[in-house]
A.B. asks: 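Have a look at the structure that comes next, please.
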Amino acid sequence: MARILVCTAWPYSNSPIHLGHVAGSLLPGDIFAKYHRLKGNEVLMVSGSDQHGTPVTVKAEKEGVSPEEIAERYHQINSEAIRGMLITFDLFTKTHTENHFAVVHDVFLRLLEKGHLYKKETLQYYCEKCGRFLPDRYVEGRCRNCGYERARGDQCDKCGTTFLPGELDDAICTICSSPPVLKETEHYFFRLSAFNESLLNYVSSKTHWKPNVQTFTKNWLEAGLNDRPITRDMTWGVSVPLPGWENKVIYVWFEAVIGYLSASIEWSKGTRNPEKWKDFWMDPDARHYYFLGKDNIPFHTIIWPAILMGYGGLNLPYDVPANEYLTFRGEKFSKSRGVSIDIPTMLSRFDPDIIRYYLAANMPENRDSEFDWDDFQAKTNNELVATLGNYYHRVLSFTYRHFGSIPPCHGVDEDWRKVTNAISVAVNEVDQYLSTCQFKKALKAVMDLAQFGNRFFDSVAPWALLKQDRDRCGSVLNLNIEIVKTLAVLSYPFLPRSASDLWRLLGYEESLLSKGWGWISIPVVPGQKLREPRPLFSKIEIEEDMAMFKEFEKLNLKIGQIISVADHPNADKLYVLEVDIGKRIRLVAGLKGHYDKDKLVGKKIVVVTNLQPAKLRGVESQGMLLAAEHSNKVILLTPAEDVPAGTPVNSGMNPSDQVLLFSDFQKLKLVVGQVIDARTIDVGKSMKIEMRNGAIKKGSKIAVFLPSPDASIALPLLTNNGIVITVDGDIENGALIR
RNA sequence: AGCGGGGUGGGGUAGCCAGGACAUCCCGUCGGGCUCAUAACCCGGAGAUCGGUCGUUCAAAUCGACCCCCCGCUACCA
């Protein structure tokens with residue numbers, strides 16, 4: 001029996017966890033832990049919420065609540081989400097606990113005592129008005145290198161120059177805009193540099209690590225490590241266990257990783273043996289696995305091992321099978337950037353096994369992988385439901401209906417050999433792949449067995465045998481149930497819900513976990529009553545991805561060409577235009593003072609054609625032309641290339657012919673944005689672009705539709721042949737269109 | 001800009017480190033079979049000059065050089 005410590009990266013406690021967290025660290029850790037529990041190994045799986053650090057305080061300040069409240073809120077949400085995903089930690093704790101403080105203090109003092117920490121005075125920006133030291137992100141000033149006005153305290157975003165405190169010209173505090181002063185402050189530094197050699201030896205010995213993890217770490221080490229400050233001027237965090245340091249806390253990057261140890265200790269306090277954690281941390285044969293995303297590699301292959309080396313007597317990571325990123329629309333999941341699908345939302349819509357299946361089948365093990373709604377639906381419906389679920393169901397429902405219990409298998413024949421062989425191949429593959437953290441391959445092996453089952457079921461055709469040879473029919477069903485039982489065990493690490501349900505349907509009294517992997521070699525018992533089967537998975541229906549842009553279909557836009565322009569007889573600012581939109585209509589528009597009449601004639605514009613006609617100062621307007629406005633400026637929208645009058649501007653959608661009330665039109669938000677790249681647009685803030693067809697040019701200013709005020713993705717206005725709608729001149733990003 | 005990762009049939013992916021005979025799998029698509037099953041299952045076909053160019057080699061998706069494009073990191077976030 002082996003001892004396995006499974007650690008997953010600690011989710012940060014300022015937002016709900018999302019698919020990226022699950023795919024990257026929580027799920028692989030959980031699959032691995034469940035596998036080892038099945039195998040009868042002694043497993044301890046711990047993690048928790050990382051609750052300290054600036055982002056929590058920033059969020060708290062924004063909401064006007066205490067950091068504790070934020071930290072606790074998301075700890076609750078995420079604990080619940082993790083439970084909902086059927087991820088079974090032995091302990092999922094948090095860093096804002098007495099226990100964690102005590103363990104961190106112990107580590108700190110021990111390192112101090114052993115000479116791995118030292119004090120150093122540094123200069124730091126201090127805002128006298130706010131009465132506090134300023135993190136670099138709170139300081140802005142002019143870059144001495146390129147003159148950029150909004151360079152941060154430590155680095156210029158524009159040219160990349162890095163600064164030491166004081167090197168920024170005309171620095172200001174971004175909170176209160178007053179100039180900060182430079183103040184001496186004292187901090188503890190961790191002598192990371194002293195561990196360079198030992199770390200290099202340590203990493204070099206880990207030949208079983210993923211190549212990218214090892215290479216990445218080695219490169220980092222070969223570049224040489226710098227000592228790093230482990231305290232900071234702040235109050236939210238783990239206190240420094242020394243008199244006179246009440247206004248400082250221990251840096252999150254140093255303190256959070258210690259959570260693996262403190263969580264283990266906390267866990268054992270809750271068992272009958274409070275010293276139990278030592279079995280995992282001091283027994284050199286215990287293996288420690290850390291599951292995390294690639295951005296977290298150096299903290300677990302360098303900093304944490306260095307802390308452990310400095311402390312002494314504790315096990316170092318055995319493997320760090322870091323994953324790449326799960327992306328969405330080609331980009332990393334990131335709450336702050338609005339690229340996120342969070343777990344509470346997913347769980348409100350889907351069975352956890354379905355989510356687990358897709359994330360495992362599509363896990364970013366060796367490269368980034370893309371979360372795609374259509375693919376999610378297809379894989380769920382065609383693989384999980386159709387191949388696996390349907391196999392379960394056809395075997396169980398057929399057997400249940402005609403036999404009621406598990407029929408005996410008569411004799412060892414060709415069928416028996418085929419099935420036994422297929423089972424043993426699958427078992428060996430799953431075993432081998434899971435023990436080496438190759439989750440996609442392991443899941444594939446499970447699915448291959450299900451497919452074999454379907455094929456086998458087809459080939460023996462029990463529905464035909466039933467009439468010809470009932471005994472033989474029973475035999476082949478027995479074999480199929482043997483496959484189903486094996487699938488229950490093998491799929492359990494991935495799909496715990498359905499595996500457990502299936503186990504019940506098979507009529508077992510004892511739990512799947514009681515004998516775990518051992519069940520594979522225990523033949524199913526003839527005569528064992530089956531429970532009435534019901535399908536274990538249901539198909540899912542993802543609403544059209546474009547649904548969020550549905551509102552846009554209320555607008556029926558067309559390209560119009562201005563034929564003539566006349567002054568409104570009864571208004572100062574209005575023109576009366578005759579416009580060709582495939583037919584001739586009259587528009588009244590407030591362009592006077594912005595455009596001369598002769599400049600307008602012949603121009604291609606964008607017209608709302610289904611707006612309810614309205615009289616403006618006595619003249620009926622049969623539509624409305626679209627223009628962007630900002631302060632006093634008004635600029636027409638116009639197609640980027642010449643297209644005929646009457647061309648629909650539908651952005652690849654199906655606009656309505658229904659009459660649109662002006663009040664409803666006002667609810668639709670159209671703005672001008674500047675294209676950053678093929679996926680990003682600046683509309684005053686940065687957003688994603690939904691591109692169906694057509695091409696857009698970097699830097700150009702185009703018209704986009706925003707589905708909602710807090711939307712993170714914009715729909716560019718395109719003609720039905722993919723020509724973008726741009727502005728007839730220059731105007732502010734984010735300028736409103738009406 | 002620097003560092004790291006990536007570009008494989010319509011979509012999503014495997015293979016690449018340790019070069020080799022028809023380039024993997026799922027979906028979609030086309031044709032067939034079966035009817036126990038959630039219109040599910042099974043069989044077969046079509047579809048890729050493996051981002052581009054040049055090179056190494058008997059042989060390159062796989063190794064090297066250069067180029068193009070995408071993503072991530074370069075946060076006193078972990």
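Every chain is numbered from 1, with letters handed out A, B, ... down the list of sequences.
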A.B. asks: Starting the side chain at C-beta, find the nucleotide from B:rU38, B:rG72, B:rC36 nearest to A:Phe398.
C.D. replies: B:rC36
A.B. asks: Hey, does the side-chain of A:Asn390 have a donor or acceptor N/O within less than 3.5 Å of a partner on the base of B:rA40?
C.D. replies: no
A.B. asks: Could you give the CD1-to-P distance, from A:Ile483 to B:rC41, as a whole number of Å?
C.D. replies: 16 Å
A.B. asks: Using the P atom as the point on both nucleotides, what is the distance between B:rG5 and B:rG10, in whole Å?
C.D. replies: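 Per the computed distance, 28 Å lies between those P atoms.
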A.B. asks: Under the criterion side-chain contact (heavy atoms from CB on, under 4.5 Å), which of A:Arg232, A:Lys119, A:Lys248 is the partner of A:Tyr188?
C.D. replies: A:Lys119
A.B. asks: Specify the separation, in whole Å, of atom OH of A:Tyr325 and atom P of B:rC71.
C.D. replies: 14 Å
A.B. asks: Which comes earlier along RNA chain B counting from the 5' end, the contact point of A:Ser397 or that of A:Ala386, where each point is its nearest nucleotide?
C.D. replies: A:Ser397
A.B. asks: Which listed nucleotide (B:rC77, B:rU38, B:rC36) is nearest to the side chain of A:Thr54?
C.D. replies: B:rC77
A.B. asks: Can the ring centres of A:Phe371 and A:His18 be said to be less than 6.0 Å apart?
C.D. replies: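 Distance test on ring centres: not under 6.0 Å, no.
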A.B. asks: For the P atoms, the ones on B:rA1 and on B:rA40, what distance do you get once it is rounded to whole angstrom?
C.D. replies: 50 Å
A.B. asks: Roughly, in whole Å, what's the span from CG in A:Leu388 to P in B:rU38?
C.D. replies: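 Computing the A:Leu388:CG to B:rU38:P distance gives 16 Å.
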A.B. asks: Under a 3.5 Å cutoff, is there a donor and acceptor pairing between the side chains of A:Ser49 and A:Gln51?
C.D. replies: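 No, no side-chain donor-acceptor contact under 3.5 Å.
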A.B. asks: Both distances under 3.5 Å, Watson-Crick or G-U wobble: report the partner of B:rG31, or none.
C.D. replies: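 With both distances under 3.5 Å, B:rG31 matches B:rC43.
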A.B. asks: Would you tell me if any nitrogen or oxygen in the side chain of A:Arg455 comes within less than 4.0 Å of OP1 or OP2 on B:rC43?
C.D. replies: yes
A.B. asks: Please determine, for the side chain of A:Val385, which listed nucleotide (B:rC41, B:rU38, B:rG5) has the closest atom?
C.D. replies: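 Out of B:rC41, B:rU38, B:rG5, the nucleotide with an atom closest to A:Val385's side chain is B:rU38.
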A.B. asks: Which one is paired to B:rG9, where only Watson-Crick or G-U wobble pairs with both distances under 3.5 angstrom count?
C.D. replies: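 Result: none.
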A.B. asks: If I pick the P atom on B:rC69 and the same atom on B:rG52, what distance separates them, to the nearest angstrom?
C.D. replies: 15 Å
A.B. asks: Round to the nearest Å and state the distance from A:Ile540 atom CD1 to B:rC27 atom P.
C.D. replies: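 One finds 15 Å between P of B:rC27 and CD1 of A:Ile540, rounded.
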A.B. asks: So A:Asp295, base contact, sugar-phosphate only, or nothing? Heavy-atom distance under 4.0 Å.
C.D. replies: base
A.B. asks: Taking the same atom, C1', in B:rC42 and in B:rU35, what whole-Å distance lies between them?
C.D. replies: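 That atom pair is separated by 11 Å.
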A.B. asks: Can you name the one residue among A:Trp253, A:Phe254, A:Phe101 that meets ring pair (Phe, Tyr, Trp, His ring centres under 6.0 Å) with A:His52?
C.D. replies: A:Phe101
A.B. asks: Are A:Lys294 and A:Glu324 within salt-bridge range, i.e. N to O under 4.0 Å?
C.D. replies: yes
A.B. asks: Within the 4.0 Å heavy-atom criterion, would you say A:Tyr391 contacts the bases, only the backbone, or no part of the nucleic acid?
C.D. replies: nothing
A.B. asks: Now, which nucleotide makes the Watson-Crick or G-U wobble pair with B:rG2, with each of the two distances under 3.5 Å?
C.D. replies: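 Base-paired to B:rC73.
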A.B. asks: Show the nearest heavy-atom pair for residues A:Trp209 and A:Thr301, with the distance to one decimal.
C.D. replies: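 Looking at all heavy atoms of both residues, the closest pair is CZ3-CG2, 3.6 Å.
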A.B. asks: Which nucleotide in the set B:rC27, B:rC77, B:rU38 lies at the smallest distance from any side-chain heavy atom of A:Pro535?
C.D. replies: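 Nucleotide nearest to A:Pro535's side chain: B:rU38.
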A.B. asks: When both hydrogen-bonding distances must be under 3.5 Å and the geometry is Watson-Crick or G-U wobble, what is B:rC63 paired with, if anything?
C.D. replies: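 Paired with B:rG55.
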A.B. asks: For side-chain hydrogen bond (donor to acceptor under 3.5 Å, both in side chains), just list the numbers for A:Asp353 and A:Ser498, CA-CA rounded to whole Å, side-chain angles, deciding distance to a tenth of an Å, and then say yes or no.
C.D. replies: CA-CA 7 Å; A:Asp353 272 15; A:Ser498 56; 2.7 Å; yes
A.B. asks: Among B:rC73, B:rC27, B:rU38, which is the nearest nucleotide to the side chain of A:His393?
C.D. replies: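 Of all the options, the side chain of A:His393 is nearest to B:rU38.
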A.B. asks: Rounded to whole Å, how long is the line connecting atom NZ of A:Lys218 with atom C1' of B:rC3?
C.D. replies: 19 Å
A.B. asks: Starting at the 5' end of RNA chain B, which residue's closest nucleotide do you reach first, A:Lys294 or A:Asn381?
C.D. replies: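 Closest to the 5' end, via its nearest nucleotide, is A:Lys294.
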A.B. asks: Considering only B:rC76, B:rA40, B:rG5, which nucleotide approaches the side chain of A:Tyr251 most closely?
C.D. replies: B:rC76
A.B. asks: Just the rounded figure in Å: distance from P of B:rU38 to CG of A:Asp501.
C.D. replies: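 That distance rounds to 18 Å.
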A.B. asks: On the nucleotide B:rA37, are OP1 or OP2 found under 4.0 Å from the side-chain N or O atoms that A:Arg534 carries?
C.D. replies: no
A.B. asks: Are any of A:Gln451's side-chain N or O atoms less than 4.0 Å away from OP1 or OP2 of B:rC41?
C.D. replies: no
A.B. asks: Do we see a donor-acceptor contact under 3.5 Å between the side chains of A:Trp304 and A:Tyr290?
C.D. replies: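 There is such a pair (donor and acceptor under 3.5 Å, judged by atom type) between the side chains of A:Trp304 and A:Tyr290.
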A.B. asks: Of all residues at least two apart in sequence or in a different chain, which pass the ring-ring contact (aromatic ring centres under 6.0 Å, His included) check with A:Tyr433?
C.D. replies: none
A.B. asks: Using the C1' atom as the reference point in each nucleotide, state the distance between B:rC70 and B:rU56 in Å, no decimals.
C.D. replies: 29 Å
A.B. asks: Roughly how many Å apart are B:rA65 and B:rA48, using the C1' atom of each and rounding to a whole number?
C.D. replies: 26 Å
A.B. asks: Can you measure A:His402 atom NE2 to B:rA37 atom C1' for me and round it to whole angstrom units?
C.D. replies: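 Value for this atom pair: 11 Å.
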A.B. asks: If you measure from the C1' atom in B:rC63 to the same atom in B:rA18, how many Å do you get, rounded?
C.D. replies: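 Pairwise C1' distance, B:rC63 against B:rA18, rounds to 12 Å.
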A.B. asks: Name the residue from A:Ile82, A:Asp342, A:Ile77 that meets the side-chain contact (heavy atoms from CB on, under 4.5 Å) definition with A:Ile17.
C.D. replies: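 Checked A:Ile82, A:Asp342, A:Ile77 against A:Ile17; only one passes side-chain contact (heavy atoms from CB on, under 4.5 Å): A:Ile82.
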A.B. asks: What is the separation between atom CD on A:Gln377 and atom C1' on B:rC27, rounded to the nearest whole Å?
C.D. replies: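 For the pair A:Gln377 CD and B:rC27 C1', the rounded distance is 11 Å.
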A.B. asks: What integer number of Å spans the C1' atoms of B:rG9 and B:rC26?
C.D. replies: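 Per the computed distance, 14 Å lies between those C1' atoms.
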A.B. asks: For every nucleotide of nucleotides 12-17 of chain B, 5' to 3': is a protein heavy atom under 4.0 Å from its base (B), only from its sugar-phosphate (S), or from neither (-)?
C.D. replies: SSS-BB
